[in-house]
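What follows is one structure encoded as structure tokens, with my remarks underneath.
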Amino acid sequence: MDTPTRHEQHGRWPQATTLDDLERNLAAVRARIAAAARRVGRDPSGVRLLPVSKTRSEAEIRLAYAAGCRELGENKPQEAFRKWEAMADLTDLRWSVIGHLQTNKAKLVARCAREFQALDSLRVATALDRRLQIEGRTLDVLVQVNTSGEASKYGLAPDATAAFLRALPAFATLRVRGLMTLALLSADAGRVRHCFVRLRELRDRLRHDVADAAALSELSMGMSGDYEIAVEEGATVVRVGQAIFGARATPDSDYWPAAATPT
């Protein structure tokens, strides 16, 4: 495959300011997802688009809802919680927290999120489980794996993932659904693709090696600049922000560790 990245667009995506803009952008992203899936013989319906609304205002999110979005991803738990509270009238709008979580913010995720995609420590698992028990809820979780090997990125080392998964059945409120990764931010599509291949191959090995890993159906990988490559390599969830909403004014460093891949 010679599918290029679109990282050169980072910071230059045009702003979506109207309902028509959002509908057009969503349709374009979905069409690219479908084309990428068909290139490798996949059914496009097996790929879930998770629009990422970090830094976006309530008005923008309500426009996205009007455009058909019923789930949104947020990096910061406090931002997700604030928006969840403000838009409680949108009762079918579901929130996924996709960024690093500190244990003192676990209570926010336990209250507002239906999915957490960045589980990478037993301390966080313990904190979430405790808060979820108080709330009387369960939570779908994905385990974050650092497939790029960059020290700036969160996530487990691939060779530490099996032992981590073996420990998770102790947390009854956490429903492990799959794995998540951030690829390199690079114009070299081959190096980006390698991150996605590494996650898929790891998942396939874990299904054989870890007794409770049969449920690892989700692979969350791919963002605005590289989601087509991710779909070609088996992504079941792509996290797309700027290609839908437009470039963000807030620097990535406010939401990701230095040099981490933007959405």
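These numbers come from the heavy atoms of this one structure, side chains and all, not from hydrogens, waters or symmetry mates. Keep in mind it's a predicted model, so treat the numbers as computed, not measured.
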Please check if the side chain of [X] supplies one atom and the backbone of [Y] the other of a donor-acceptor pair under 3.5 Å.
| X | Y | value |
| --- | --- | --- |
| Ser53 | Leu72 | no |
| Arg70 | Asp92 | no |
| Arg137 | Ala113 | yes |
| Ser224 | Ala243 | yes |
| Asp21 | Thr18 | yes |
| Thr236 | Leu219 | yes |
| Thr3 | Ile229 | no |

Is any NZ, NE, NH1 or NH2 atom of the basic residue among [X] and [Y] found under 4.0 Å from an Asp or Glu carboxylate oxygen of the other?
| X | Y | answer |
| --- | --- | --- |
| Arg62 | Asp89 | yes |
| Lys54 | Glu79 | no |
| Arg200 | Glu233 | yes |
| Glu115 | Arg94 | no |

Quick check: do [X] and [Y] have side-chain heavy atoms less than 4.5 Å from each other?
| X | Y | answer |
| --- | --- | --- |
| Val143 | Leu168 | yes |
| Asp120 | His100 | yes |
| Arg248 | Arg56 | yes |
| Thr55 | Phe245 | no |

Roughly how far apart are [X] [atom1] and [Y] [atom2], rounded to 0.5 Å?
| X | Y | atom1 | atom2 | result |
| --- | --- | --- | --- | --- |
| Gln9 | Arg6 | CD | CZ | 8.0 Å |
| Ser186 | Arg191 | OG | CZ | 5.0 Å |
| Leu108 | Arg131 | CG | CZ | 9.0 Å |
| Cys69 | Ile244 | SG | CD1 | 6.0 Å |
| Gln102 | Asn104 | CD | CG | 5.5 Å |
| Thr181 | Asn146 | OG1 | CG | 6.5 Å |

Could you verify whether a donor N or O on one side chain and an acceptor N or O on the other, from [X] and [Y], lie under 3.5 Å apart?
| X | Y | value |
| --- | --- | --- |
| Thr126 | Asp129 | no |
| Gln117 | Ser220 | yes |
| Asp43 | Ser45 | yes |

- Task: Go through the steps for Asp226 and Phe196 under the test side chain to side chain contact (heavy atoms under 4.5 Å, CB included), then give the verdict.
- Result: CA-CA 10 Å; Asp226 53 25; Phe196 301 144; 3.8 Å; yes
- Message: Tell me whether Arg123 at atom CZ has more than 12 heavy atoms from other residues, nucleotides or ligands lying less than 6.0 Å away.
- Response: no
- Query: How far apart are the C-alpha atoms of Lys107 and Arg111, what are their side-chain angles, what is the distance that settles it, and do they pass the side chain to side chain contact (heavy atoms under 4.5 Å, CB included) test?
  - Reply: CA-CA 6 Å; Lys107 61 184 177 182; Arg111 287 200 65 193; 5.6 Å; no
- Message: Could you walk me through whether Asn75 and Val52 satisfy the side chain to side chain contact (heavy atoms under 4.5 Å, CB included) test, starting with their C-alpha distance in whole Å, then the side-chain angles of each, then the deciding distance to 0.1 Å, before giving a yes or no?
- Response: CA-CA 8 Å; Asn75 279 72; Val52 176; 4.3 Å; yes
- I would like to know whether Leu174 and Leu132 meet side chain to side chain contact (heavy atoms under 4.5 Å, CB included); could you show each step before the answer? CA-CA 9 Å; Leu174 303 182; Leu132 286 161; 3.6 Å; yes
